[in-house]
Number of protein chains: 2
Amino acid sequence: MSKSLVSRALRGEPAVADGTRQRIVAAAAALGYRPNAGARSLAARRSNAIGFVITGLFDPFWGEVVHSIDRAAEQNGLSALYMSGAFDSGDSDMWLDRFVAYREMEAIERLLEYRIDGMGVGLGGHLDLEELEEIASVAPLVAMMIDYRSSVFDTVTVDEDTALNLAIEHLRGLGHEQIVFLGEGTRPATRARVAAYLRAMEQAAAGIDPVVYPCALLQGDGYETMRSLIEADQVPTAIVAITDGVARGAVIAFTEAGLSVPDDVSIIGYDDSMHAVAGQPLLTTIRVPRRELGATTVRLLVERRNGRSITSTVMLRPSLVVRDSTGVSTRARRNLATRP
Amino acid sequence: MSKSLVSRALRGEPAVADGTRQRIVAAAAALGYRPNAGARSLAARRSNAIGFVITGLFDPFWGEVVHSIDRAAEQNGLSALYMSGAFDSGDSDMWLDRFVAYREMEAIERLLEYRIDGMGVGLGGHLDLEELEEIASVAPLVAMMIDYRSSVFDTVTVDEDTALNLAIEHLRGLGHEQIVFLGEGTRPATRARVAAYLRAMEQAAAGIDPVVYPCALLQGDGYETMRSLIEADQVPTAIVAITDGVARGAVIAFTEAGLSVPDDVSIIGYDDSMHAVAGQPLLTTIRVPRRELGATTVRLLVERRNGRSITSTVMLRPSLVVRDSTGVSTRARRNLATRP
DNA sequence: CTGTTAGCGCCTTCAA
DNA sequence: TTGAAGGCGCTAACAG
């Protein structure tokens, strides 16, 4: 009954006699034995763990991704460790403002110390590509939902062009002419979205100038931005918002101002998050296939672990979930009627 | 320049000459050296890491707790590792239904393999006290937001009596007589809430029978339960819901049925979550001090690490956030007028 | 099928 | 202030 025999028995290796294994397993259970992950990864030179740094852990969007990651990890015999990439740094209202200190690189470094077999990141701060590529040279890296195309690390993103085309075609079909975008594209996680809006407008609404109202990502931001538009009397008939939170904030601003959604203004959100179904009207929104996002990320990590060396970029296809925040507005109706 | 000298220099131990340390640190940076957490914890017999199993990672409530945990952990020189205690097991609509497979014990076991110095749990499944106490004998354990009083592990919860008293006194002050509770108390995380409602009613509304309408925790559950009450024509004038989601669902059901909140019905939510501000009216709700929850949990863990052996239970004091979903209803107004 | 040997990378004595 | 030796708990060869 040597140490190594026990080790093999407990890990379920085949070359152990059945009876022996049973006795070993029984003894281990009786003694409350629990393997030491550190020692194991030290000796095996492989941790059987994958790590994730997800900044918006407070965001339900990532929650569902986490669930699918966990499922996929388990199916591959891996444990999934998570670290948060931010902490709060004030005491503002979580949902309406944001006072978040990013520490994504620190979290990534920490995770690397655990000698994880691969890492997925869902980031929110201003990171640079080079830093991420440096990380990727240490452990396989998959960037999720981020507008980086690297030749070094893998990426799983959403096909933003499809997303924005779906949204704008939907609104065009309802007769809307003037379709504005509410959001900003200063960070890698959102840049692509704004660019896709501009392309989609050019394609589907040629001749009409695209309009982007800069706005951060939370409900309070959408609310404030819309308030100033309402005051300036510049309310468009249709809006595509960069997140559901922003869309929800806009809806609240409109409702307060006596405007109806969708009768006066149509709004499309983005993410199909809790915001979309928390409150009225339920939001029409662009849905990112969250489960696929998690499952694909794990798959890419596992492939790397098995030796794949060429970089892989996966574009997930979003869909439009049509709910109650879009419709034919008064002004849009007029447009429809006078169309050829 | 021995291994041990390098080790000491990098850990910032005092007994190293300044010049030597600088050269070592520089060399380490140049070589891209990164300590191996597993080896380190193996040799030091202490991991400087604390772990958390939080089931509702998809719930924004815990997101803010995570942020405060991270902050407190960093201040104490610890890393915080997270594992999810559930994964999705169907393909239902995430926000409206729940198809979650709990695997909390597995997650806890995994974390223990990392020989973490302490662990916090925020659980949703049906766990039993004994199992948790067994865990607590292996590593310091803090149970968060759960209705277990153990003499073995520490607990940080909310003073549910205060919470329900605040809610019911608020409603009584508005003239409401009949105050029903919408929720269930079958799990340790929610049991205390129902019990507190019953006590608070006895205390503040003696003579009026408490009424509990069983209802799970999500928005869809609140919506469905209210629908059937509306159909049965049993709508009370005041409701305390077990979560904001449930409250929001109830609001939607009422609005659809042509009833006004708060004119016809007053509703109080619980958690001050995204649901509370995701629509109109904004919900009056009970707020759990989330940052304190995280910070206190870490503090307890650190204290245990420093040798505290007596069990500690911390009750956080909740507050009532008064917004727009509570008011004097038609029926309640009548009650107010006829009171002595 | 089972045992032996040699580390994995780091920290902790203890000695210099 | 620095170095050498030993071992943390485990797995990976290699022998038997």
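Scope of the values below: all heavy atoms of this structure, side chains included, with no hydrogens, waters or symmetry mates. In what follows, every chain begins at residue 1, and chains take the letters A, B, ... in the order their sequences are listed. Owing to the predicted nature of the structure, the values given are computational and were not obtained by experimental measurement.
- With rounding to whole Å, B:Arg23 atom CZ is found 14 Å from D:dT1 atom P.
- Contact annotation: A:Arg11 reaches the phosphate of D:dT11 (side-chain N/O to OP1 or OP2, under 4.0 Å).
- One interatomic measurement links the two molecules: CG of B:Asp18 to P of D:dT2, which rounds to 10 Å at whole-angstrom precision.
- Not a single donor-acceptor pair under 3.5 Å links the side chain of A:Arg304 to the backbone N or O of A:Leu141.
- Considering only the side chain of A:Ala43, D:dC10 comes nearest among D:dA12, C:dC11, D:dC10.
- Base contact: A:Ala15 has a heavy atom under 4.0 Å from a base atom.
- Within the 4.0 angstrom heavy-atom criterion, only backbone atoms of the sugar-phosphate kind lie near B:Ala17; the bases stay farther away.
- Put simply, CG on A:Leu132 and CD1 on A:Ile146 are 6.5 Å apart, with the number rounded to the nearest 0.5 Å.
- Under 3.5 Å, the side chains of A:Asp154 and A:Ser312 contain no donor-acceptor pair of N or O atoms.
- A:Arg46 has its CZ atom 13 Å from the C1' atom of D:dA12, to the nearest Å.
- Rounded to a whole Å, the CD atom of B:Glu113 is 10 Å from the P atom of D:dC10.
- If you measure from atom CG of A:Leu31 to atom P of D:dG9, you get 14 Å, rounded to the nearest angstrom.
- The phosphate of C:dG9 (OP1 or OP2) has no side-chain N or O of A:Tyr114 nearer than 4.0 angstrom.
- Contact of A:Arg34 with D:dG9 (side chain to base): no donor-acceptor pair of N or O atoms is detected under 3.5 Å.
- The CZ atom of A:Arg45 sits 18 Å away from the P atom of C:dA6 (whole-angstrom rounding).
- Dashed line: the shortest gap from a side-chain N or O of A:Thr20 to OP1 or OP2 of C:dT2 is under 4.0 Å.
- Minimum atom distance to the side chain of A:Val16 is reached by C:dT2, of the listed C:dT2, D:dT2, C:dC10.
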Derivation and outcome, side chain to side chain donor-acceptor pair (under 3.5 Å), residues A:Thr157 and A:Thr155: CA-CA 6 Å; A:Thr157 34; A:Thr155 309; over 6 Å; no
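- When rounded to the nearest whole Å, the span between CG of B:Asn36 and C1' of C:dC10 equals 8 Å.
- Partners of B:Ala139 under the side chain to side chain contact (heavy atoms under 4.5 Å, CB included) rule, at least two apart in sequence or in another chain, are B:Leu112.
- Judged by atom type and distance alone, A:Ser4 reaches the base of C:dT4 through a side-chain donor-acceptor pair under 3.5 Å.
- Atom CG in A:Leu42 sits about 8 Å away from atom C1' in D:dC10, given to the nearest Å.
- Contact check, B:Ser2 against D:dT2: no side-chain N or O comes under 4.0 Å of OP1 or OP2.
- Toward the 5′ end of DNA chain C lies the nearest nucleotide of A:Pro14, the other residue of the pair A:Lys3 and A:Pro14 mapping further downstream.
- In this structure, A:Arg8 reaches the bases: a heavy-atom distance under 4.0 Å links it to at least one base atom across the strands shown.
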